[in-house]
Amino acid sequence: MRTRTKFLTAAAATLAIGGVAIAGAGVAYSGKGGHHGGRHMGMMLEFYDADGDGKLTQVELDNGRSEQLVTFDTDGDQQLTLEEYEALWLDAMRSRMVDRFQHLDEDGDGVVTLVEYTEPMSDLVARKDRNGDGALSREDKKRYHKDRDHDRDDDGDDS
């Protein structure tokens, strides 16, 4: 019983760590919703729905998370060290990283050139500079989010 309690405590601590990784789903999920919460919930459902019924029960989630901990607990102590957690995180992030690389590699040659790397952000300052000073600041960020929230309220679109 003592081992089970220790294991459950370690699993709970792992869940509490900010930015908990979902291995295999290719996303990081903090468990706090936010504007990406729905997408992350869908990925959690896809990864942890053990019986494939399209529903995620707490038992399925707990079992899946426990299996993850066991998989990455290389020393078998039923706890994750920072190094073990890093391995879990990197495994979870790999597919996301590959997706981003492929997105940047516009010509599909397996290499991201300087042009391919810089082009997606080539107009970022112009798009988000709300006070017109040619630079981004915290004030621009506040105004950008205020404008975006105002636009959402006007058209009823939350996406």
Side-chain angles (χ1 to χ4, degrees), residues 10-11 13-50 52 54-56 60-61 63-75 79-159:
T14 301
L15 286 171
I17 296 172
V20 175
I22 301 174
V27 298
Y29 180 70
S30 68
K32 295 186 180 178
H35 69 281
H36 297 296
R39 179 176 36 197
H40 291 184
M41 189 179 301
M43 293 178 143
M44 287 179 56
L45 178 66
E46 183 179 322
F47 185 70
Y48 291 119
D49 179 18
K55 298 176 183 177
L56 179 61
E60 288 173 315
L61 181 59
N63 287 343
R65 303 283 298 166
S66 295
E67 288 174 21
Q68 278 183 290
L69 189 136
V70 169
T71 298
F72 288 93
D73 176 22
T74 57
D75 61 10
Q79 301 178 77
L80 294 177
T81 63
L82 179 58
E83 290 77 20
E84 291 166 334
Y85 186 80
E86 178 182 27
L88 183 150
W89 181 265
L90 291 173
D91 182 70
M93 296 282 83
R94 179 155 177 70
S95 65
R96 188 172 183 185
M97 180 269 302
V98 169
D99 288 345
R100 288 300 307 149
F101 180 88
Q102 291 171 339
H103 176 76
L104 290 171
D105 181 19
E106 289 186 18
D107 59 9
D109 66 354
V111 176
V112 174
T113 65
L114 179 60
V115 171
E116 289 171 326
Y117 186 72
T118 58
E119 192 277 327
M121 292 194 177
S122 62
D123 65 342
L124 181 75
V125 173
R127 284 185 293 121
K128 296 192 177 192
D129 178 15
R130 294 300 191 243
N131 63 9
D133 67 354
L136 296 181
S137 65
R138 290 176 196 247
E139 182 61 32
D140 290 315
K141 180 180 177 183
K142 289 176 189 174
R143 286 183 184 183
Y144 175 79
H145 288 291
K146 183 178 179 183
D147 291 348
R148 194 180 76 201
D149 291 342
H150 179 41
D151 290 345
R152 256 190 230 148
D153 291 342
D154 287 347
D155 65 12
D157 184 13
D158 286 343
S159 59

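Quick note: residue numbers are just sequence positions, from 1. Fair warning: this is a prediction, and the values are worked out from it, not measured in the lab.
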Has Asp140 got a side-chain atom pairing as donor or acceptor with Asp129's backbone, closer than 3.5 angstrom?
no
Got a sec, which residues hit side chain to side chain donor-acceptor pair (under 3.5 Å) with Asp73, two or more places apart in sequence or on another chain?
none
Got a donor-acceptor contact below 3.5 angstrom from the Asp105 side chain to the Asp109 backbone?
yes
Qualifying residues under side chain to side chain donor-acceptor pair (under 3.5 Å), relative to Arg143, sequence neighbours excluded:
Glu139
Would a 4.5 Å heavy-atom cut-off, applied to side chains only, mark Met41 and Leu45 as touching?
no
When rounded to the nearest 0.5 angstrom, what is the spacing between CE in Met93 and CZ in Arg100?
12.5 Å
Looking at every non-hydrogen atom in both residues, tell me the closest pair between Leu56 and Asp49 and how far apart they are.
CD1-N, 4.1 Å
Shortest non-hydrogen pair, Leu88 vs Leu80, comes out as CD1-CD1, 4.2 Å
Do Asp107 and Glu116 touch side chain to side chain, with heavy atoms closer than 4.5 Å?
yes
In terms of heavy-atom contacts, Lys55 and Glu60 come closest through O-OE1, 3.0 Å
Residues Glu106, Glu119; criterion side-chain contact (heavy atoms from CB on, under 4.5 Å); working and verdict:
CA-CA 11 Å; Glu106 289 186 18; Glu119 192 277 327; 3.7 Å; yes
Give the intermediate values and the outcome of side-chain contact (heavy atoms from CB on, under 4.5 Å) for residues Phe72 and Asp91.
CA-CA 10 Å; Phe72 288 93; Asp91 182 70; 3.7 Å; yes
So, taking the atom named CD in Gln79 and the one named OH in Tyr85, what distance separates them when rounded to the nearest 0.5 Å?
15.5 Å
Taking all non-hydrogen atoms of both residues, which atom of Phe101 and which atom of Val112 are closest, and how far apart?
CE1-CG2, 3.3 Å
Can you give me the closest heavy-atom contact between Asp133 and Asn131, atom names plus distance?
OD1-OD1, 2.9 Å
To the nearest 0.5 angstrom, please state how far the NZ atom of Lys142 sits from the CZ atom of Arg138.
8.0 Å
Smallest separation among heavy atoms of Pro120 and Leu104, with atom names:
CG-CD2, 3.5 Å
With distance as the sole test, does Glu84 use its side chain to make a donor-acceptor pair with the main-chain N or O of Thr81 at under 3.5 Å?
yes
Tell me, yes or no, whether the heavy-atom count around Arg127 atom CZ, taken from other residues, nucleotides or ligands under 6.0 Å, exceeds 12.
yes
Distance-only donor-acceptor check, side chains Tyr48 and Arg65, under 3.5 Å:
yes
